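Since we're looking at a predicted model, the values are computed, not measured.
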Amino acid sequence: ASLLLPGMAKSADPRVILAGGASAEESVEVYPRADLGALQGLKLGAKNPISMVDGYNFDGAKAYKDSKLCLAMLSHTLHQNYHKQTD
């Protein structure tokens, strides 16, 4: 974020766009569900066999869903922390 801020502060309409396919408000649940747990996988270094953010073994469908959840969280955090700096 610190690399983006100088350019965004100069822009007339600053924004960061993160693309995701599914709506967070969709009511249809298809398992496995997105769940980052306590980010244990990151704490353990995301090394084999623990390659998921939640600390479990790799599951492609869940990895995709977790990545979308991470994008939503990043978008929220960027807005919360930096929106006023680019007004």
Side-chain angles (χ1 to χ4, degrees):
S2 62
L3 296 175
L4 293 172
L5 286 176
M8 291 179 69
K10 295 175 187 174
S11 174
D13 188 19
R15 61 187 66 220
V16 174
I17 298 172
L18 303 171
S23 168
E25 297 178 16
E26 287 183 1
S27 61
V28 177
E29 291 189 28
V30 178
Y31 291 91
R33 295 175 60 187
D35 178 8
L36 305 179
L39 306 177
Q40 200 60 21
L42 296 179
K43 294 173 189 169
L44 296 171
K47 297 178 182 170
N48 245 346
I50 300 165
S51 55
M52 299 289 290
V53 174
D54 62 4
Y56 292 99
N57 294 338
F58 183 76
D59 177 327
K62 186 172 180 312
Y64 177 80
K65 293 173 184 181
D66 285 357
S67 73
K68 299 305 169 193
L69 178 56
C70 287
L71 282 174
M73 292 170 64
L74 175 61
S75 179
H76 174 77
T77 300
L78 287 173
H79 178 77
Q80 189 175 34
N81 293 338
Y82 300 107
H83 178 69
K84 292 188 186 304
Q85 294 179 34
T86 58
D87 270 345

(Q) Could you work out, with side-chain hydrogen bond (donor to acceptor under 3.5 Å, both in side chains) as the rule, every residue matching Asn48, not counting sequence neighbours? (A) none
Can you hop from [X] to [Y] via hydrophobic side chains spaced under 4.5 Å?
X	Y	result
Leu71	Leu4	yes
Tyr56	Phe58	no
Met73	Val16	no

**Q.** For Leu42, side chain to side chain contact (heavy atoms under 4.5 Å, CB included) partners two or more places apart
**A.** Leu39, Val53
Q. Side chain of Lys43, backbone of Gly55: donor and acceptor closer than 3.5 Å?
A. no
I need the [X] [atom1] to [Y] [atom2] distance, nearest 0.5 Å.
X	Y	atom1	atom2	value
Asp13	Met8	CG	CE	9.5 Å
Ser67	Lys62	OG	NZ	10.5 Å
Leu69	Leu36	CG	CG	4.5 Å
His76	Leu18	NE2	CG	13.5 Å

Q: Looking only at non-hydrogen atoms, find the nearest pair between Asp59 and Met52 and report the distance.
A: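 Smallest interatomic distance, heavy atoms only, reads N-SD, 3.7 Å.
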